[in-house]
Amino acid sequence: MRLAVRHETHYDYDTPLAYSAQRLHLWPTEFASQQTISWSITAPGFDRALSYMDGFGNRVHMITFGNLEGPVAIIAEGVVEVTDTAGVVRGLTCLAPDAVFLRQTKPTTANAAIRALSERQFAGKSVLEGLHALMAEIHHKVAYELGTTHTHTTAAEAFAEGRGVCQDHAHIFIAAARAGGVPARYVTGYLVTGQGASSTAAHAWAEALVPDLGWVGFDPANAKCPTDNYVRVAAGLDSAGVAPIRGSRRGGATERMRVEVRVEIAQQ
């Protein structure tokens with residue numbers, strides 16, 4: 001299936017922006033079941049961007065710009081062809097060893113409750129069965145509610161609260177998988193929103209390493225493995241490492257950000 005994506009991020013400031021340096025994870029990854037047909041990024045300074053592949057196989061762009069008085073817009077858009085493989089990811093280049101994805105970070109550190117969750121779901125099951133059970137249980141226990149968590153909410157906090165968004169679902173899944181000895185990574189990307197519909201953020205899910213099968217995606221927010229309605233962009237240890245846009249600035253007092261994401265089936 002071919003999916004058309006448009007991801008707009010707009011920033012407004014009360015004072016002129018003197019200087020800004022931003023790291024972009026906005027370029028879809030290429031692997032066996034996902035190929036980019038066309039893609040572009042429009043942003044101040046993008047014509048001078050430093051572009052590189054990081055150790056996790058992500059295409060990263062570093063941009064710098066400054067002396068801007070008006071609003072700033074960063075727009076990523078294009079068409080991606082995706083094949084449904086029931087979440088199995090093959091042919092992806094990742095230089096980091098699998099064991100790196102057992103490392104707990106602050107957002108994904110498992111507390112006693114998450115360790116108990118992990119033990120319950122993996123007990124007496126194969127790794128694949130345990131991961132599916134874990135995904136279903138997180139979906140059941142943690143309600144999807146916008147505005148109940150924030151960027152720095154940890155997996156332990158969201159699980160205790162029983163509410164969150166896709167970032168929180170993915171962090172809890174990763175924390176529990178790693179607690180059970182299964183390498184897991186955080187994934188950012190896009191999910192079909194429907195013709196004419198939009199959302200206020202990109203989507204997030206997790207991937208875990210299954211013996212004899214490889215890396216497999218799990219989306220606890222929707223209780224399903226990614227299909228051809230998903231576009232994979234970047235993966236890392238947690239959300240902070242693969243935020244679509246992350247950086248620093250001088251000037252530009254009182255930043256206001258607005259995001260709009262549209263993902264539709266491309267017209268043939």
Side-chain angles (χ1 to χ4, degrees), residues 1-10 24-43 46 57-61 73-93 131-132 135-136 138-139 143-146 164-170 173 185-208 213-236 239 242-245 257-268:
M1 183 180 296
R2 290 193 174 187
L3 304 179
V5 180
R6 183 176 175 88
H7 180 173
E8 301 183 33
T9 307
H10 298 269
L24 311 181
H25 284 105
L26 289 171
W27 204 276
T29 45
E30 297 267 337
F31 54 102
S33 55
Q34 179 175 295
Q35 300 297 317
T36 303
I37 305 303
S38 63
W39 199 264
S40 66
I41 297 176
T42 304
F46 191 77
N58 306 317
R59 171 60 63 185
V60 184
H61 295 89
I74 299 176
I75 301 172
E77 60 182 333
V79 176
V80 180
E81 186 167 274
V82 186
T83 302
D84 187 354
T85 58
V88 178
V89 179
R90 292 196 174 98
L92 180 70
T93 301
L131 291 168
H132 277 285
M135 176 174 66
I138 293 170
H139 180 78
Y144 187 95
E145 292 186 21
L146 292 172
V165 294
C166 58
Q167 170 182 296
D168 305 299
H169 290 91
F173 181 94
R185 58 196 183 196
Y186 185 95
V187 182
T188 60
Y190 305 108
L191 174 61
V192 171
T193 50
Q195 298 299 121
S198 65
S199 63
T200 57
H203 193 48
W205 59 95
E207 290 173 353
L213 185 58
W215 288 96
V216 180
F218 295 88
D219 180 6
N222 291 292
K224 65 192 296 185
C225 292
T227 66
D228 53 359
N229 282 334
Y230 289 67
V231 174
R232 187 188 191 279
V233 173
S239 62
V242 287
I245 303 173
M257 182 179 72
R258 175 175 57 86
V259 178
E260 183 176 9
V261 177
R262 292 180 179 271
V263 187
E264 302 174 337
I265 298 173
Q267 300 298 318
Q268 300 296 324

With rounding to the nearest 0.5 Å, note down the distance linking [atom1] in [X] to [atom2] in [Y].
X	Y	atom1	atom2	answer
E8	E260	CD	CD	5.5 Å
D84	N229	CG	CG	8.5 Å
H10	I74	NE2	CD1	10.0 Å
Y144	C166	OH	SG	5.0 Å

Check: T29 main-chain N/O paired with N58 side-chain donor or acceptor under 3.5 Å: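 Pair absent, no side-chain N/O of N58 close to backbone of T29.
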Under 3.5 Å: donor-acceptor pair, side chain of E30, backbone of T36: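 Answer holds: yes.
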Are side-chain heavy atoms of [X] and [Y] found at a separation under 4.5 Å?
X	Y	value
V88	L213	yes
L26	V233	no
R2	D228	no
H203	V263	no
V216	V89	no

For residues [X] and [Y], report the shortest heavy-atom separation together with the two atoms involved.
X	Y	result
H139	A223	CG-CB, 3.5 Å
T227	K224	CG2-CE, 4.1 Å
P28	Q34	CB-NE2, 3.8 Å
G217	E207	CA-CG, 3.8 Å
A235	V187	CB-CG2, 4.1 Å
G236	V242	N-CG1, 3.7 Å

Any residue meeting ring-ring contact (aromatic ring centres under 6.0 Å, His included) with H61, in chain and number order, not counting sequence neighbours: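 For H61 the ring-ring contact (aromatic ring centres under 6.0 Å, His included) partners, ignoring immediate neighbours, are W27, F46.
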ring-ring contact (aromatic ring centres under 6.0 Å, His included) partners for Y190, two or more places apart: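 Per chain and number, Y190 pairs via ring-ring contact (aromatic ring centres under 6.0 Å, His included) with H7.
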CA sep, side-chain torsions, deciding dist, call: Q35, V80, side-chain contact (heavy atoms from CB on, under 4.5 Å): CA-CA 6 Å; Q35 300 297 317; V80 180; over 6 Å; no
Qualifying residues under side-chain hydrogen bond (donor to acceptor under 3.5 Å, both in side chains), relative to Y230, sequence neighbours excluded: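 Here the qualifying residues are D219.
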Derivation and outcome, ring-ring contact (aromatic ring centres under 6.0 Å, His included), residues H132 and F218: CA-CA 8 Å; H132 277 285; F218 295 88; 5.2 Å; yes
Verdict with reasoning, L3 to V192, per side-chain contact (heavy atoms from CB on, under 4.5 Å): CA-CA 8 Å; L3 304 179; V192 171; 3.7 Å; yes
Derivation of the side-chain contact (heavy atoms from CB on, under 4.5 Å) call for R232 and L92: CA-CA 11 Å; R232 187 188 191 279; L92 180 70; 3.3 Å; yes
